[in-house]
Structure formats: C-alpha cells, structure tokens
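To start, the structure under review is shown below, and the notes come after it.
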Amino acid sequence: MIRNNISIILRKIQRNVEDFGALITFKKAINFFLKPIYEKKVYRIYGKNLDNYDTPKINYHSFNFRTINENDDEIIRQIEKLEEWMSGKVKKEITNGAMCLVALEGNELAGFNLVGFGHIYIPLIKLNKIFMKDEAVNTD
C-alpha cells in the first residue's frame with residue numbers, strides 16, 4: 001500500500017514537472033502541505049433524474065463521446081494515468097454501477113466524467129458520502 005502510494009506521488013510529481021516545470025511543481029507541493037491551514041471546504045450536491053437516460057451519440061470536431069464499460073481496459077488505463085488518485089478504482093466503480101462518459105480523439109482519452117452511485121470516497125477532499133436512492137456524484 002505504501003509502495004503504491006509512493007509510486008502514485010512520484011508519477012504525479014513527474015507529470016507536474018513535465019507540464020508546469022520544477023518551480024511551479026515546488027510551489028504546488030508547498031501549497032499541498034499548507035492546505036490544512038487555510039483550506040475551506042464547500043460542497044455542492046446537484047441532482048439529476050437519470051431514469052430512462054440514453055447516451056447520445058455526439059461528435060464534436062474530432063472528438064467521439066461514449067460511455068465505457070469494465071472491459072474497456074485501455075481507456076481505463078488512460079483515465080488512471082491521468083488521475084493518479086483513481087489508480088485501480090475505475091474498473092471497480094464501473095462494475096459496481098458507476099457510469100463513465102469519455103471524450104476520445106482517435107484512441108486517446110481527451111477527457112472523462114465518472115458518475116458514482118451509492119457510496120463514494122473522494123480522497124482529494126477527504127469526503128466519504130453515502131447516497132440515498134437515486135442520488136449520484138460526479139467524481140471527475
């Protein structure tokens with residue numbers, strides 16, 4: 001578990017250095033460690049009726065939008081590479097009933113939206129929430 005967390009942290013640092021450079025990565029790290037001192041949490045929960053929801057086939061320029069299932073291993077791997085905190089969890093969430101809408105450019109992930117139902121834990125904000133029937137949360 002600890003080795004996996006260290007691996008996730010190192011991947012995140014590497015990605016931030018590549019995306020933003022060393023100085024901004026250092027500033028982001030300092031902010032992360034100081035966050036408990038100044039952080040104020042605000043939660044907004046929205047409701048949407050998903051009864052009889054049919055996934056639309058939408059094409060916008062070169063993007064293809066579709067929902068994925070637990071067998072879409074390559075797309076799941078790309079999601080977990082993009083969002084390290086979700087590593088090893090996306091397939092389980094989808095298997096347990098979550099819906100995942102992805103935007104693809106060819107075979108490459110451009111974005112995603114994972115909607116979970118029932119119980120969810122979001123480690124980034126340390127939120128553990130149990131939903132009533134027909135409630136959901138966007139974990140993206």
Side-chain angles (χ1 to χ4, degrees):
M1 174 97 171
I2 292 173
R3 178 167 280 172
N4 188 35
N5 288 340
I6 291 171
S7 175
I8 290 170
I9 291 168
L10 291 175
R11 281 195 319 263
K12 188 168 188 133
I13 290 170
Q14 178 183 3
R15 185 172 51 110
N16 274 273
V17 169
E18 290 170 2
D19 291 348
F20 306 110
L23 182 60
I24 291 177
T25 300
F26 177 74
K27 288 179 181 179
K28 288 176 74 175
I30 295 299
N31 285 335
F32 174 79
F33 289 110
L34 294 177
K35 181 171 51 174
I37 296 170
Y38 66 83
E39 181 180 67
K40 176 183 175 185
K41 295 181 182 181
V42 175
Y43 302 104
R44 291 187 177 91
I45 298 176
Y46 301 93
K48 177 149 176 93
N49 184 353
L50 297 176
D51 292 343
N52 302 318
Y53 180 79
D54 187 28
T55 305
K57 302 291 185 214
I58 302 171
N59 283 306
Y60 183 75
H61 298 289
S62 61
F63 295 114
N64 179 30
F65 295 88
R66 69 177 183 91
T67 56
I68 64 169
N69 63 45
E70 64 273 5
N71 298 317
D72 288 307
D73 293 326
E74 175 56 25
I75 297 172
I76 291 171
R77 185 194 62 74
Q78 290 181 51
I79 291 170
E80 292 179 352
K81 183 178 179 188
L82 179 67
E83 295 293 337
E84 293 90 355
W85 69 275
M86 297 181 80
S87 182
K89 298 176 182 157
V90 175
K91 187 174 204 163
K92 180 181 175 190
E93 291 291 324
I94 294 171
T95 301
N96 289 334
M99 293 174 55
C100 187
L101 175 68
V102 296
L104 300 171
E105 190 167 22
N107 292 325
E108 295 297 314
L109 179 73
F112 74 97
N113 196 338
L114 181 64
V115 178
F117 301 89
H119 175 264
I120 191 160
Y121 176 69
I122 306 173
L124 293 175
I125 57 174
K126 298 177 180 75
L127 174 65
N128 194 359
K129 177 80 173 148
I130 297 174
F131 294 100
M132 296 182 346
K133 185 179 185 274
D134 298 329
E135 287 185 322
V137 67
N138 172 358
T139 58
D140 172 358

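Just so it is clear, the values below take in all heavy atoms, side chains as well, and ignore hydrogens, waters and symmetry mates.
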(message) My understanding is that only one of Val90, Asn96, Thr95 makes a side-chain contact (heavy atoms from CB on, under 4.5 Å) with Glu70; could you say which?
(response)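 With Glu70 as partner, side-chain contact (heavy atoms from CB on, under 4.5 Å) holds for just one option, Thr95.
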
Straight-line distance of [X] [atom1] to [Y] [atom2], nearest 0.5 Å:
X     : Y      : atom1 : atom2 : answer
Ile94 : Asp72  : CD1   : CG    : 7.5 Å
Ile76 : Asn69  : CD1   : CG    : 7.5 Å
Met86 : Phe112 : CE    : CZ    : 5.0 Å

Look only at the side chain of [X] and the backbone of [Y], and say whether a donor-acceptor pair between them is shorter than 3.5 Å.
X     : Y     : value
Glu84 : Ile9  : no
Glu80 : Gly88 : yes
Thr25 : Asn16 : yes

(request) Please examine the side chains of Val102 and Ile79, heavy atoms only from C-beta on, and report whether any two atoms are closer than 4.5 Å. (result)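 Side-chain contact under 4.5 Å: yes.
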
(message) Is there a path of hydrophobic side-chain contacts, each under 4.5 Å between heavy atoms, that joins Phe26 and Val17?
(response)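 Cluster IDs for Phe26 and Val17 differ.
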
(request) Group every Ile, Leu, Val, Met, Phe, Trp and Tyr by side-chain heavy-atom contacts under 4.5 Å, then state whether Leu109 and Leu114 land in the same group. (result)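 Looking at the clustering, Leu114 is in the same group as Leu109.
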
(message) Could you list the cluster mates of Phe20? Members are the ILVMFWY residues connected by side-chain heavy atoms closer than 4.5 Å, either directly or through other members.
(response)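 Once heavy-atom contacts under 4.5 Å are chained together, Phe20 belongs with Ile24.
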
(message) Taking atom CG as the centre, does Asn107 end up with more than 12 heavy-atom neighbours from other residues, nucleotides or ligands that are less than 6.0 angstrom away?
(response)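 Atom CG in Asn107 is not crowded, with 12 or fewer foreign heavy atoms closer than 6.0 Å.
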
(message) Between Asp19 and Lys28, does any side-chain N to carboxylate O distance fall below 4.0 Å?
(response)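 Looking at Asp19 and Lys28, the cut-off is not met.
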
(message) Tell me whether Arg77 is salt-bridged to Glu74, with the criterion being a basic N under 4.0 Å from an acidic carboxylate O.
(response)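 A salt bridge is present here (some side-chain N lies under 4.0 Å from a carboxylate O).
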
(request) Evaluate side chain to side chain contact (heavy atoms under 4.5 Å, CB included) for Leu104 paired with Gln78, printing each intermediate quantity in order. (result) CA-CA 11 Å; Leu104 300 171; Gln78 290 181 51; 5.6 Å; no

